[in-house]
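Scope of the values below: all heavy atoms of this structure, side chains included, with no hydrogens, waters or symmetry mates. The shown structure was predicted, so the numbers you read here are calculated from the model rather than taken from an experiment.
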Amino acid sequence: MVKASAIICLTSSGRAAVLIAKYRPSMPLISIVIPWLKKNQLRWSFSGAFEARQSLFVRGLFPMLPDPRHHAYSKSGTNEPVLKDALDRGKAVGVIKPHDLVVVCQKALGCICCKDH
């Protein structure tokens, strides 16, 4: 059994975090709603704010939008800037303390061993 102080869930729609919250974990669940850039013929817009607001109604779930300057799900496969931002915000609100264990979950984005997939 992992004695984590928080769960951090990277999600684009918020559904993964809601599914985890359904099981009422004993630790807080921080949902990082990754914004996606959408465009139509006239303008560009970011999605994610609506999904984060909808998550406010779920017990034990703390939704947040990452800093838009950080590119989550980048080609390099690293989300370190987004995770660092989430850890810093968790520490700022008192959910996470220094040297605490944190569980991070995110969607697997295909095979990273080769570019054919």
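- Considering every non-hydrogen atom in both Leu65 and Val33, the closest pair reads CD2-O, 3.2 Å.
- Side-chain heavy atoms closer than 4.5 Å link hydrophobic residues (I, L, V, M, F, W, Y) into clusters, and following such links, possibly through other members, connects Ile20 to Leu61.
- From Arg89, atom CZ reaches atom CD1 of Ile32 across 8.5 Å, with rounding to the nearest 0.5 Å.
- Following chains of ILVMFWY side-chain contacts shorter than 4.5 Å, one can reach Val82 starting from Val95, so the two form part of one hydrophobic cluster.
- The shortest side-chain heavy-atom distance between Ser13 and Thr11 falls under the 4.5 Å cut-off.
- In summary, of the residues considered (Val104, Ile7, Val102, Ile96), a side-chain contact (heavy atoms from CB on, under 4.5 Å) with Ile30 occurs for Ile96 alone.
- For the atom pair NZ (Lys3) and OG (Ser26), the distance works out to 9.5 Å, reported to the nearest 0.5 Å.
- Ala4 approaches Met27 most closely through the heavy-atom pair O-CE, 3.6 Å.
- In the hydrophobic clustering of ILVMFWY residues, with side-chain heavy atoms under 4.5 Å counting as a link, Leu87 and Leu101 come out apart.
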Query - CA sep, side-chain torsions, deciding dist, call: Cys105, Ile8, side chain to side chain contact (heavy atoms under 4.5 Å, CB included) - result: CA-CA 6 Å; Cys105 59; Ile8 296 176; over 6 Å; no
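- Asp85 contributes atom CG, which lies 13.5 Å from atom CD of Glu80 (distance to the nearest 0.5 angstrom).
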Requested in this report: Under the side chain to side chain contact (heavy atoms under 4.5 Å, CB included) rule, what do Cys9 and Leu29 come out as? Steps first, then yes or no, please.
Outcome: CA-CA 7 Å; Cys9 180; Leu29 175 58; 4.2 Å; yes
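- Heavy-atom neighbours of Lys84 NZ from other residues, nucleotides or ligands within 6.0 Å: at or below the threshold of 12.
- In the hydrophobic clustering of ILVMFWY residues, with side-chain heavy atoms under 4.5 Å counting as a link, Val103 and Phe62 come out apart.
- Separation of atoms NZ (Lys97) and NZ (Lys91) is listed at 12.0 Å; rounding is to 0.5 Å.
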